[in-house]
*Asks:* 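Handing you a structure now.
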Amino acid sequence: NIAKQQRLGFRRFTVGATDDSNARLGLLGDLRRALDAGDEITLHYQPKTALADGALAGVEALARWQHPTKGPISPGAFIPVLEATTLIHRFTDQVLAQALEQARLWLNAGHRIPVAVNISTRSLLDTGFPERLAALLRQTGVPGDQLCIEVTEHSIMSDPNTAIETLHRIRGLGVKTSIDDYGTGYSSMTYLRLLPLDELKIDRSFVQDLSRDPGNRALVASTVELGHNLGLTVVAEGIEDAETLTALRDIGCDLAQGFHLARPMTAETLTRSLARPRALAA
Ligand code: C2E
Ligand code: MG
Ligand code: MG
Ligand code: MG
């Protein structure tokens, strides 16, 4: 009986959807509380390493949420929930404030470590964002060039004209800009040329089996060349083994990031490893 099956199917679907939205609502309430509390969401830092000499070129700040009862929740799980509401702006501001305070601490200790912060689509397209960023830079006294804003190719392509305008304003503050997860978002060569960028990060799906897959190797090599021809620093993310590292060095990629080099870590652990520079070198 098709009608009955459809009814059941429909009911199953709505029950599932309700469970899902209840879970999201629960998470949203917890997130609002976490943003008020201010200490559950912290940042870990993953080194970006220069392929030529193994030097620390900067770090990427990655959000970590320690839920009081559910334990650690990954950014992939909670950022989409925030992104559906205006709470994302409070989150973005808190992450930026934390990252800039850390950059200030490093500068005070004599370390120039540029910090990269990921910005979600909604914050990128928020016309008030560059002004809030300017205020945070003033408050922390961190020079703009010690900060890099990473935005995904997907975010940019969701509204390229607004993104271009915002990226120009961000760069007007001296802040660096990076296109993240490059290669997954169908941006045209025209846009890549128009975008005010300093850095291009090749998505890890192209990087991971680089040393075994000639197709991916060709894609990565031509992306590195394209980036260089546009005057960009090219970063490869997701380096998990020594073979990939060697292949990227041969190709002439500038910077590398991945578990093989260093995992995301607390600022304290990173600061300790600065005393032993070999610990971060390839
Ligand atoms: P992303 O910006 O592309 O960050 C890189 C992600 O790859 C991080 O995951 C990092 O832990 C992971 N990763 C690094 N090296 C390797 C490797 O060798 N192998 C593998 N398999 N993974 C590696 P994470 O921290 O779970 O973050 C996931 C995504 O969530 C980020 O992707 C970024 O888009 C977003 N995200 C993280 N923190 C923030 C934040 O503060 N704000 C916003 N808006 N988004 C954030
Ligand atoms: Mg990123
Ligand atoms: Mg990325
Ligand atoms: Mg990625």
Side-chain angles (χ1 to χ4, degrees), residues 31 34-35 40-49 58-66 72-102 114-126 129 133 136 147-156 158 163 166 176-185 197-211 220 223 233-245 248 253 255-267 270 280 282:
L31 278 162
L35 289 171
E40 278 173 39
I41 298 174
T42 57
L43 295 178
H44 279 197
Y45 298 89
Q46 186 179 34
K48 292 185 183 179
T49 306
V59 292
E60 178 175 13
L62 295 160
R64 298 289 177 258
W65 182 20
Q66 186 64 37
I73 300 181
S74 73
F78 72 82
I79 289 173
V81 179
L82 286 171
E83 189 60 2
T85 77
T86 52
L87 273 188
I88 189 68
H89 301 314
R90 281 187 60 200
F91 170 76
T92 298
D93 291 357
Q94 282 195 13
V95 165
L96 274 168
Q98 273 189 46
L100 287 170
E101 276 156 27
Q102 186 55 53
V115 180
V117 174
N118 295 284
I119 299 297
S120 69
T121 310
R122 200 152 167 176
S123 293
L124 174 72
L125 302 180
D126 167 22
F129 173 71
L133 177 59
L136 285 167
L147 180 70
C148 176
I149 296 295
E150 292 191 9
V151 284
T152 66
E153 189 184 19
H154 283 284
S155 292
I156 293 172
S158 70
T166 306
K176 307 285 184 201
T177 57
S178 175
I179 184 168
D180 203 353
D181 301 348
Y182 183 76
T184 60
L197 294 171
D198 297 286
E199 182 184 277
L200 182 157
K201 283 185 99 164
I202 304 175
D203 190 67
R204 72 163 178 263
S205 56
F206 304 100
V207 173
Q208 251 152 7
D209 53 358
L210 178 72
S211 57
V220 169
T223 306
T233 299
V234 183
V235 188
E237 64 173 23
I239 287 88
E240 294 186 350
D241 53 51
E243 293 72 36
T244 307
L245 192 67
L248 285 165
C253 188
L255 308 180
Q257 205 182 327
F259 295 163
H260 175 69
L261 293 158
R263 296 218 163 225
M265 60 186 100
T266 63
L270 195 123
L280 291 176

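Any value given below was found using the heavy atoms of this structure, including those in side chains, with hydrogens, waters and symmetry copies removed. In each ligand, atom 1 is the first atom listed, and ligand 1 is the first ligand listed.
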*Asks:* Evaluate Ala63 for polar contact with ligand 1, using N/O atom pairs at a separation under 3.5 Å.
*Replies:* yes
*Asks:* Check whether any N or O atom of His260, backbone or side chain, sits under 3.5 Å from an N or O atom of ligand 1, and answer yes or no.
*Replies:* no
*Asks:* For the side chain of Glu83 and the backbone of Ile88, is there at least one donor-acceptor N/O pair under 3.5 Å apart?
*Replies:* no
*Asks:* Backbone N or O of Asp203 within a donor-acceptor pair of the Asp181 side chain at under 3.5 Å?
*Replies:* no
*Asks:* Check whether any heavy atom of Arg263 sits under 4.0 Å from an atom of ligand 1.
*Replies:* no
*Asks:* Judging by distance only, is a nitrogen or oxygen of Glu237 under 3.5 angstrom from one on ligand 1?
*Replies:* yes
*Asks:* At a 4.0 Å cut-off, with the gap strictly under it, does some heavy atom of Arg64 reach an atom of ligand 1?
*Replies:* yes
*Asks:* Donor-acceptor pair, Gln94 side chain versus Leu35 backbone, under 3.5 Å?
*Replies:* yes
*Asks:* Looking only at distance, does Ser74 have an N or O less than 3.5 Å from an N or O of ligand 1?
*Replies:* no
*Asks:* Please check this pair: side chain of Glu237 against backbone of Gln257, looking for a donor-acceptor N/O pair closer than 3.5 Å.
*Replies:* no
*Asks:* Number the atoms of ligand 1 from 1 as they appear, then name those within less than 4.0 Å of a heavy atom of Val95, with their elements.
*Replies:* 41 (O)
*Asks:* Examine all N, O or S atoms of Thr152, backbone included, and report whether one is under 2.8 Å from the Mg ion (ligand 2).
*Replies:* no
*Asks:* Within the 4.0 Å heavy-atom shell around Glu240, which atoms of ligand 1 are there?
*Replies:* 17 (C), 18 (O), 19 (N), 20 (C), 21 (N)
*Asks:* Would you check if Glu199 and Val235 make a side-chain contact, meaning some heavy-atom pair closer than 4.5 Å?
*Replies:* yes
*Asks:* Should you measure from each heavy atom of Gln46, which atoms of ligand 1 turn up under 4.0 Å away?
*Replies:* 14 (C), 15 (N)
*Asks:* What's the separation between atom CD1 in Ile239 and atom OG1 in Thr49, rounded to the nearest 0.5 Å?
*Replies:* 8.5 Å
*Asks:* Using heavy-atom distances, let me know which of Ile119, Thr121, Asp181 sits nearest atom 3 (O) of ligand 1.
*Replies:* Asp181
*Asks:* For the backbone of Ile179 and the side chain of Glu153, can you confirm whether one donor and one acceptor N or O come within less than 3.5 Å of each other?
*Replies:* no
*Asks:* Report, in ascending order of atom number, the atoms of ligand 1 lying under 4.0 Å from any heavy atom of Ser120.
*Replies:* 44 (N)
*Asks:* Does ligand 1 have an atom that lies less than 4.0 angstrom from a heavy atom of Glu60?
*Replies:* yes
*Asks:* Nearest 0.5 Å, what's the CZ-CG distance between Phe259 and Leu261?
*Replies:* 11.5 Å
*Asks:* Need the ligand 1 atom indices (1-based, order shown) with element for anything under 4.0 Å from a heavy-atom of Gln208.
*Replies:* 19 (N), 20 (C), 21 (N)
*Asks:* Is there a donor-acceptor pair closer than 3.5 Å between any side-chain N or O of Thr166 and the backbone N or O of Leu124?
*Replies:* yes
*Asks:* Could you list the atoms of ligand 1 found under 4.0 angstrom from a heavy atom of Leu62?
*Replies:* 4 (O), 8 (C), 10 (C), 11 (O), 25 (O), 37 (C), 38 (N)
*Asks:* Among the N, O or S atoms that Asp180 has, which is closest to the Mg ion (ligand 3)?
*Replies:* OD1
*Asks:* Hey, is ligand 1 close enough to Gln257 that some N/O pair sits below 3.5 Å?
*Replies:* no
*Asks:* If the condition is ring-ring contact (aromatic ring centres under 6.0 Å, His included), which residues does Tyr182 pass it with, not counting sequence neighbours?
*Replies:* none
*Asks:* Of all N/O/S atoms in Asp181, which lies nearest to the Mg ion (ligand 3)?
*Replies:* OD1
*Asks:* So is there a nitrogen or oxygen of Phe259 less than 3.5 Å from a nitrogen or oxygen in ligand 1?
*Replies:* yes
*Asks:* Do Pro114 and Cys148 touch side chain to side chain, with heavy atoms closer than 4.5 Å?
*Replies:* no
*Asks:* What closest approach, in Å, do Ala77 and Val81 show between heavy atoms, and which atom pair accounts for it?
*Replies:* O-CG2, 3.6 Å
*Asks:* Can you measure from CD (Glu240) to CG (Asp209) and round to the nearest 0.5 angstrom?
*Replies:* 10.5 Å
*Asks:* Tell me which N, O or S atom of Glu237 sits nearest to the Mg ion (ligand 3).
*Replies:* OE1
*Asks:* Check for a donor-acceptor pair, side chain of Gln98 on one end and backbone N or O of Ile41 on the other, with a separation under 3.5 Å.
*Replies:* yes
*Asks:* When you measure from the Mg ion (ligand 2) to the N, O or S atoms of Glu150, does any of those distances fall below 2.8 Å?
*Replies:* yes
*Asks:* In Glu60, what N, O or S atom is nearest to the Mg ion (ligand 2), if we give its atom name?
*Replies:* OE2
*Asks:* Any idea which atoms of ligand 1 are less than 4.0 Å away from a heavy-atom of Gly258?
*Replies:* 15 (N), 18 (O)
*Asks:* What atoms of ligand 1 come closer than 4.0 angstrom to any heavy atom of Ile239?
*Replies:* 18 (O)
*Asks:* Please state which option from Lys201, His154, Arg204 has its nearest heavy atom closest to atom 6 (C) of ligand 1.
*Replies:* Arg204
*Asks:* Pick one of side chain, backbone, both or neither for how Asp180 approaches ligand 1, counting any non-hydrogen atom pair under 4.0 Å.
*Replies:* side chain
*Asks:* For Val115, which of Leu96, Val59, Leu43 qualifies under side-chain contact (heavy atoms from CB on, under 4.5 Å)?
*Replies:* Val59
